[in-house]
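Just so you know, these numbers use all the heavy atoms, side chains as well, and skip hydrogens, waters and symmetry mates. By convention in this document, chain letters (A, B, ...) are assigned in the order of the sequence lines, proteins followed by strands, and residues within each chain are numbered from 1.
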Amino acid sequence: MRSDPCGLLRRADVGRTVQLGGWVHRSRDLGGLVFIDLRDRTGLLQLAFGPAWSAVEVQQLAASVGVESVILCEGEVVAREPERVNPEMGTGEVEVRVTSFRVVGPAVTPALPVARGRGEKMPAEELRLRHRYLDLRRPELQENLVLRHRLLQVSRRFLTDHGYLELETPILTKPTPEGARDYLVPSRVHPGEFYALPQSPQIYKQLFMCCGFDRYFQIARCFRDEDLRADRQPEFTQIDIEASFIERQDIMTLAEGLIGSMWREAGHHDVPAQFERMTYADAMEFYGCDRPDLRYELRIRDYSSVFASLDFAVTKTALANGARVRGIVLPGGGAWSRKQVDELEALAKGAGAGGLLRLRKADGEYDGPLAKFLTDDAKAALALNDGDLALFVAAADRVSSPALDRVRQECARRLELIDDKAQRFLWVLDFPMFEEDPETGALAAVHHPFTAPHADDMAAYPDEPARWRALAYDVVLNGTELGGGSIRTSDPATQSRMFALLGIGDAEEQERRFGFLLEGLRAGAPPHGGIAFGFDRIAMLLSGATSLRDVIAFPKTTAARSLYEGAPVAVPAEDLAQLHISVRESRAGSIRE
RNA sequence: GGGGGCGUAGCUCAGUUUGGUUAGAGCACUCGACUGUCACUCGAGAGGUCGCGGGUUCGAGCCCCGUCGCUCCCGCCA
């Protein structure tokens with residue numbers, strides 16, 4: 001039916017008779033001559049219709065065919081005269097003089113333009129999603145999905161070459177009360193019982209390790225019923241990896257290789273063989289964040305000792321309560337207006353800080369609420385230059401870190417310190433095992449409950465689990481988390497203890513909720529660990545898209561709806577009855593579960 | 001759950017500041033002209049629930065209240 005794709009014809013094809021198929025991208029009817037730009041996923045090609053080579057019926061059909069219609073045609077590839085070459089088209093040196101022409105898929109007038117004029121804006125996202133069959137015809141989205149395909153293939157090749165088996169895990173799984181909300185699926189044959197869609201294949205892949213499939217991977221679809229963001233969809237794809245008889249270093253080396261292979265596939269050949277490393281403690285201390293963007297410095301420093309001797313009420317009180325005074329120095333920030341600094345303070349307050357102390361030095365003079373309290377020693381210790389702005393937060397670390405993180409990021413943006421071309425890959429290591437609720441003291445797993453703590457920490461502080469570090473690792477690029485993983489607890493007794501520390505102390509309840517993992521571990525479990533990468537996010541970064549929706553063919557809106565087919569929908573009562581479900585009216589009268 | 005932005009022709013937008021005649025433009029669409037265009041050009045035409053509901057007013061696209069949708073962010077996402 002087709003001898004060639006549209007976009008690949010070149011000067012070398014001149015003289016050939018070709019059969020083509022594609023979509024009418026645009027047409028130009030000059031009266032005696034008609035031109036059609038024919039499109040397929042390889043690109044555009046100009047079809048020419050004229051009385052010298054096209055029959056009258058062919059010319060008439062060409063003049064009347066609507067854009068986005070699908071046509072089949074036959075003709076001869078001819079070279080264009082030099083002055084008629086179109087340098088912006090890959091096929092711009094040739095055109096096809098059409099001798100036969102058939103409209104096989106006539107199109108109604110498209111609801112939104114596929115061929116946009118230069119400088120013409122994109123249609124609203126809502127319309128793009130509603131008419132996704134048109135939006136996906138755009139070359140940009142086609143390129144994104146092609147890149148996505150290539151990244152998947154190179155990942156499969158890399159992992160297969162390293163001895164990993166691609167194994168599948170169930171989509172209908174057991175609900176887990178921890179973590180994100182589950183999507184539930186009713187069981188017809190078991191009234192009142194539900195499956196859950198997997199948030200991740202975590203437990204299944206650990207069971208694979210217990211079974212001896214010592215190298216596993218899966219391009220796994222995962223589901224989380226939480227609110228969306230530009231970089232968060234309710235269903236998403238992760239590259240999920242697990243291995244046995246390995247240590248943390250082995251997984252990190254594998255991950256560096258996998259990332260390198262994907263980045264090279266996307267044209268980035270400067271990925272380091274080994275990534276930088278930083279402990280979680282250092283990341284929080286110097287950047288206030290567990291995924292620091294290292295493209296710029298603006299490090300956070302501890303100024304507590306400087307403030308210890310100053311008779312300034314705010315910092316004095318904080319220090320007396322065991323808090324610290326931390327801050328950052330911004331070269332050039334002294335020129336910012338009061339309003340601009342107020343905006344920074346609003347950011348800090350939004351992150352939970354009580355305020356942001358400001359100190360400016362200009363022409364050797366200090367300016368700000370602190371200025372008159374500064375001693376010569378303090379001035380020397382601060383070491384400000386003219387034009388500097390220093391910003392401080394006097395608070396507990398759990399308050400000052402996120403506040404200074406936001407301030408630091410905004411300042412880097414304002415000072416234009418971010419090098420767009422830089423790629424700073426970073427491992428963040430030694431996360432704490434648990435996070436302590438400041439009010440109740442209850443422990444929650446920072447990574448997940450199956451992560452193994454550092455054996456040294458358990459031995460050194462047997463009764464202080466809040467001090468244990470986890471054998472967990474995140475890989476970060478320019479402030480974005482690409483993936484994360486850990487060495488798992490393979491000893492069932494230790495795993496039981498971890499559940500107990502997380503408030504699931506009752507043995508019966510442990511068995512009820514996690515028995516299928518504990519049984520697997522008791523049956524003989526190798527040391528194992530793994531990692532998972534957020535694949536959509538990687539595809540987004542490598543395609544240059546700013547939204548996950550531009551690398552997913554049929555994404556959901558921020559209200560978790562699919563505008564094209566209209567999911568989710570209300571279901572007739574008789575269908576629900578089969579599932580033993582009844583729906584009650586919400587106060588607004590709309591249908592809710 | 002909370003905060004910000006947006007919603008006017010098929011698409012992109014102007015009009016909203018200060019309420020006032022028949023709501024405009026470009027592209028797309030329909031018809032006509034045109035033999036080298038490539039965002040073809042030129043002429044004519046058709047196309048509107050100003051997201052929806054209510055209110056204020058002699059009069060509402062514009063003001064007020066509510067609501068829906070899309071989007072960005074916070075919370076949330078072990």
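Checked by atom type and distance alone, the side chain of Asp37(A) never pairs as donor or acceptor with a backbone atom of Arg26(A) at under 3.5 Å.
Counting distance only, with no hydrogens placed and no angle test, the side-chain atoms of Arg116(A) and the base atoms of rG26(B) include no donor-acceptor pair under 3.5 Å. Taking 3.5 Å as the limit, the base of rU71(B) and the side chain of Glu126(A) contain no donor-acceptor pair of atoms between them.
Between the CZ atom of Phe49(A) and the P atom of rC34(B) there is a distance of 19 Å, given to the nearest Å. Distance CZ (Arg128(A)) to C1' (rC70(B)): 12 Å, rounded to an integer number of Å. Nucleotide rU30(B) holds its P atom 12 Å from the CG atom of Asp29(A), rounded to whole Å. Spacing between atom CG of Leu347(A) and atom P of rG3(B) amounts to 19 Å, rounded to whole angstrom units. Rounded to whole Å, atom C1' of rA25(B) lies 14 Å from atom CD of Glu120(A). Taking atom NZ of residue Lys121(A) and atom C1' of nucleotide rG26(B), one finds them 13 Å apart after rounding to whole Å. In this structure, Asp135(A) places its CG atom 13 Å from C1' of rC11(B), rounding to the nearest Å.
For Asp550(A) and Arg128(A), the salt-bridge test passes: some basic side-chain N is under 4.0 Å from an acidic carboxylate O.
Among rA39(B), rC38(B), rC11(B), the nucleotide with an atom closest to any side-chain atom of Gln46(A) is rC38(B). With rC11(B), rC29(B), rC70(B) as the candidates, the nucleotide lying closest to the side chain of Leu127(A) is rC11(B).
When each of His25(A), Gln142(A), Glu68(A) is tested with Arg137(A) by the rule side-chain hydrogen bond (donor to acceptor under 3.5 Å, both in side chains), just one qualifies, namely Glu68(A).
The phosphate of rU37(B) has neither OP1 nor OP2 within less than 4.0 Å of any side-chain N or O from Arg28(A).
By the side-chain hydrogen bond (donor to acceptor under 3.5 Å, both in side chains) test, Arg291(A) pairs with no residue at all, sequence neighbours left out.
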Task: Base versus backbone protein contacts along nucleotides 72-78 of chain B [heavy-atom cut-off under 4.0 Å; B, S, -] - done: SSBBBBB
